[in-house]
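Here is the structure we will look at.
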Amino acid sequence: MQVEHHDLAHEFPELKDRIHELKTSDAHFHKQFERYDELTKEIERLEKLDEPVTDEHMEELKKERLAVKDELYGMLKG
């Protein structure tokens, strides 16, 4: 199965420098960045290995990742 990669730099390539800046200067951003990365890796692992997982669980992971992504984007643009 082809798995699309969703790391933050891939999602917002135009904000790559700002991402790096906030990762090193803002503890909350860094924590949320790490959470986004963890969620992305877990989702990609489940998709790649085609592991048995309920649709509800996968949807919850994706919803949480989206909420974290929205928060990070707000911080990047703020």
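Hydrogens, waters and symmetry mates are skipped; everything else that's a heavy atom, side chains included, is used. Along the sequence shown, residues are numbered consecutively beginning with 1.
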Does anything in residues 24-37 form a salt bridge (charged side-chain N to carboxylate O under 4.0 Å, His left out)? List the pairs, not counting sequence neighbours.
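As it turns out, the salt bridge (charged side-chain N to carboxylate O under 4.0 Å, His left out) pairs with a partner in residues 24-37, which skip direct neighbours, are Arg35-Glu38, Arg35-Glu64, Asp37-Lys41.
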Would you list the pairs meeting salt bridge (charged side-chain N to carboxylate O under 4.0 Å, His left out) in which at least one residue belongs to residues 68-78, sequence neighbours left out?
Glu11-Lys69
Within a strict 4.5 Å, meaning less than it, do heavy atoms of the Asp7 and Thr40 side chains meet?
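Heavy-atom side-chain distance check fails, nothing below 4.5 Å.
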Among residues two or more places apart or on two chains, list those pairs meeting ring-ring contact (aromatic ring centres under 6.0 Å, His included) that have a residue in residues 33-55.
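Counting only pairs at least two positions apart or across chains, no ring-ring contact (aromatic ring centres under 6.0 Å, His included) contact touches residues 33-55.
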Going by the ring-ring contact (aromatic ring centres under 6.0 Å, His included) test, which pairs reach into residues 55-78, not counting sequence neighbours?
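The answer is Phe12-Tyr73.
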By side chain to side chain contact (heavy atoms under 4.5 Å, CB included) - contacts of Glu42 (at least two apart)
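Side chain to side chain contact (heavy atoms under 4.5 Å, CB included) check on Glu42 returns Arg45, Leu46, Leu61.
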Tell me every residue that passes side chain to side chain contact (heavy atoms under 4.5 Å, CB included) with Thr24, counting only those two or more places apart in sequence or in another chain.
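Testing Thr24 for side chain to side chain contact (heavy atoms under 4.5 Å, CB included), a comparison that skips the adjacent residues, returns His20.
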Output the distance between atom CD1 (Ile19) and atom CG (Leu8), rounded to the nearest 0.5 Å.
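The CG atom of Leu8 is 4.0 Å from CD1 of Ile19, to the nearest 0.5 Å.
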Euclidean distance, Asp17 CG relative to Leu76 CG, rounded to 0.5 Å:
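The distance works out to 11.5 Å.
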Over all heavy atoms of both residues, which pair between Met75 and Leu22 is shortest? Give the atoms and the distance, please.
O-CD1, 3.8 Å
Applying salt bridge (charged side-chain N to carboxylate O under 4.0 Å, His left out), can you list everything that pairs with Lys23, at least two apart in sequence or on another chain?
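Expected list: none.
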With sequence neighbours left out, what residues match Lys63 under salt bridge (charged side-chain N to carboxylate O under 4.0 Å, His left out)?
Glu59
With sequence neighbours left out, write down each residue that passes side-chain hydrogen bond (donor to acceptor under 3.5 Å, both in side chains) with Glu60, or none if nothing qualifies.
none
Could you go through the side chain to side chain contact (heavy atoms under 4.5 Å, CB included) check for Ile43 and Glu47 one step at a time?
CA-CA 6 Å; Ile43 291 166; Glu47 290 176 339; 3.8 Å; yes
Please check if Leu39 and Val53 belong to a single hydrophobic cluster, counting links between Ile, Leu, Val, Met, Phe, Trp and Tyr side chain heavy atoms closer than 4.5 Å.
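Per the 4.5 Å side-chain linkage, Leu39 and Val53 are co-clustered.
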